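Please read the structure below before turning to the comments.
Read the numbers this way: they start at 1 and go in the same order the structure lists the ligands and their atoms. Source: prediction; values computed, not measured. One is the number of the first residue; the rest follow in order along the sequence. Basis for what follows: all heavy atoms, side chains included, without hydrogens, waters or symmetry-related copies.
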Amino acid sequence: MTTLSGAAARATATDREIAAAEAHSAHNYHPLPVVVASAEGAWVTDVEGRRYLDMLAGYSALNFGHGNPRLIAAAKAQLDRVTLTSRAFHHDRFARFCTELAELCGMETVLPMNTGAEAVETAVKTARKWGYQVKGVPDGKAKIVVAAGNFHGRTTTIVSFSTDPEARADFGPYTPGFTVVPYGDLAALEAAVDEFTVAVLLEPIQGEAGVLVPPDGYLAGVRRVTAERGVLFVADEIQSGLGRTGTTFACEHEGVVPDMYVLGKALGGGVVPVSAVVSSRAVLGVFRPGEHGSTFGGNPLACAVGLEVLAMLRTGEYQERATTLGARLHAELRELLGDGTGPLTAVRGRGLWAGIDVAPSLGTGRALSERLLTRGLLVKDTHGSTLRLAPPLVITEEDLDWGLARLRSVLSS
Ligand SMILES: *Cc1c(COP(=O)(O)O)cnc(C)c1O
């Protein structure tokens, strides 16, 4: 006869779910020990009924919060009509989605995909083809300038130009055609541009790197250099865009309009994966039928949810919330930074988005995230002792204050 060991007898629903996940899924993530069962707005509830304030918001995929009623209604209505046609046929949400997204970007042409990485791949393919067909770069020579510390996704080509050993090691052979320059260094970028350069691909604020804001004037400088040298400026606004920083696009903070936006995450409203590349007809016009595509890209459900996201962004309400709540967030974080003797050693960010470096004596970012979890706060560490804060833009002032009070108390203990 067997008896349950003490540990098994005490196992909670959380422990059981985590053990099963570890047994049957690849370990390509190291999630915090919380098992979410439901969520609403800025709050999630776990399998044991505990509530947590979500200060990560799916890396900005949940800018409009969990279960946003407008987005859920749009999705439900579309579920009853048609969900997938493939691009073999037209469907009646497609044209409106492309038109309205182009309008929001102040551009002409949209190429919808699903995930962020696919949109970045699409941008790379577009820039290369444009380089050969329009700029006249000799075949096979096209070069794209990227920044150190970048995060653009996980495909084999994208990790080829990552500078993060974890993201890159053992996935070679690597795709050639990329030149890495230090982020924020305009002179280095300008020096790297040559006659074979077809594009500069950058995050206007580097999210995964720890919410790194480049020096003032950098994006405007990149715009000037790329325009002068006949190179496409491709802005990966997958995480920085769609309201997070207080403007629709982070590039707006420097009055910059790139040649191409790469969008994702919040474009799907936290409901379905929706991504897109948006540019001019002259640039995206390089594609002919059969040269690029995706079975699910631009599907009716994605377009219906995306259209509601666009309608919400047009009100300006979410950008405004990111500005005012962001000021509140950053004021509190600056206090925690203090005169350099406080628990934080650096605070960065813009709008409702912050990267904070925690004094190493307080433990690793991971250990802090786990402590914050026990206090009802979902936060994710990145790179050692850096934490990223990006609550949904629908968070209330009271909830934000509650979260920041919790953060302060954990950092001060
Ligand atoms: C998340 C992210 C991506 C990749 O998006 P996926 O949907 O995970 O493929 C690319 N670029 C940036 C800036 C991101 O934040």
Side-chain angles (χ1 to χ4, degrees), residues 26 28-29 31 56-63 111-127 144 146-164 166-168 171 175 178 180 183-184 199-214 219 222 233-245 248-251 258 260-278 294 296-299 302 305-306 309 348-355 380-383 386 388-390 392-393:
N28 57 326
Y29 279 91
L56 178 68
Y59 307 97
S60 285
L62 288 155
N63 276 2
L111 200 170
M113 298 294 284
N114 309 284
T115 65
E118 282 177 307
V120 171
E121 287 275 351
T122 301
V124 167
K125 288 173 76 174
T126 306
I144 295 176
V146 298
N150 69 72
F151 182 82
H152 296 288
R154 301 293 198 170
T155 65
T156 45
T157 286
I158 294 171
V159 300
S160 293
F161 58 87
S162 170
T163 56
D164 176 1
E166 257 180 2
R168 190 171 190 274
F171 298 124
T175 307
F178 299 93
V180 183
Y183 187 63
V200 170
L201 166 64
L202 292 175
E203 299 155 85
I205 292 177
Q206 286 191 330
E208 192 74 16
V211 196
L212 296 191
V213 182
L219 298 175
V222 172
F233 180 5
V234 180
D236 179 346
E237 293 248 21
I238 290 171
Q239 195 167 156
S240 59
L242 309 186
R244 174 56 59 188
T245 67
T248 304
F249 303 105
C251 281
M260 193 188 298
Y261 283 120
V262 186
L263 304 174
K265 292 203 165 98
L267 191 55
V271 180
V272 282
V274 184
S275 68
V277 161
V278 188
S294 155
F296 288 93
N299 69 72
V305 173
V309 166
R348 296 172 298 271
R350 196 158 251 166
L352 200 51
W353 198 19
K380 179 73 173 73
D381 57 298
T382 180
H383 303 292
T386 298
R388 238 178 318 180
L389 305 175
L393 308 182

>> In terms of relative ring orientation, are Phe161 and His152 parallel, tilted or perpendicular, with 30° and 60° separating the classes?
In response: tilted
> Do Thr157 and Glu121 have side chains that get closer than 4.5 Å, going by heavy atoms?
Replying inline: yes
>> Could you check whether any side-chain N or O of Ser60 sits under 3.5 Å from a backbone N or O of Asn63, counting only pairs where one atom can act as donor and the other as acceptor?
In response: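 No, because the side chain of Ser60 does not come within donor-acceptor range (under 3.5 Å) of the backbone of Asn63.
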> Glu237 side chain to Glu203 main-chain N or O, any donor-acceptor pair under 3.5 Å?
Replying inline: no
> What is the distance from atom CG of Leu219 to atom CG of Leu202, rounded to the nearest 0.5 Å?
Replying inline: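 That separation rounds to 7.5 Å.
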> Going by an N to O cut-off under 4.0 Å, is there a salt bridge joining Glu208 and Arg388?
Replying inline: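 A salt bridge is present here (some side-chain N lies under 4.0 Å from a carboxylate O).
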>> Taking non-hydrogen atoms within less than 4.0 Å of ligand 1, which protein residues qualify?
In response: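 Close residues (ligand 1, cut-off 4.0 Å): Thr115, Gly116, Ala117, Phe151, His152, Gly153, Glu203, Asp236, Ile238, Gln239, Lys265.
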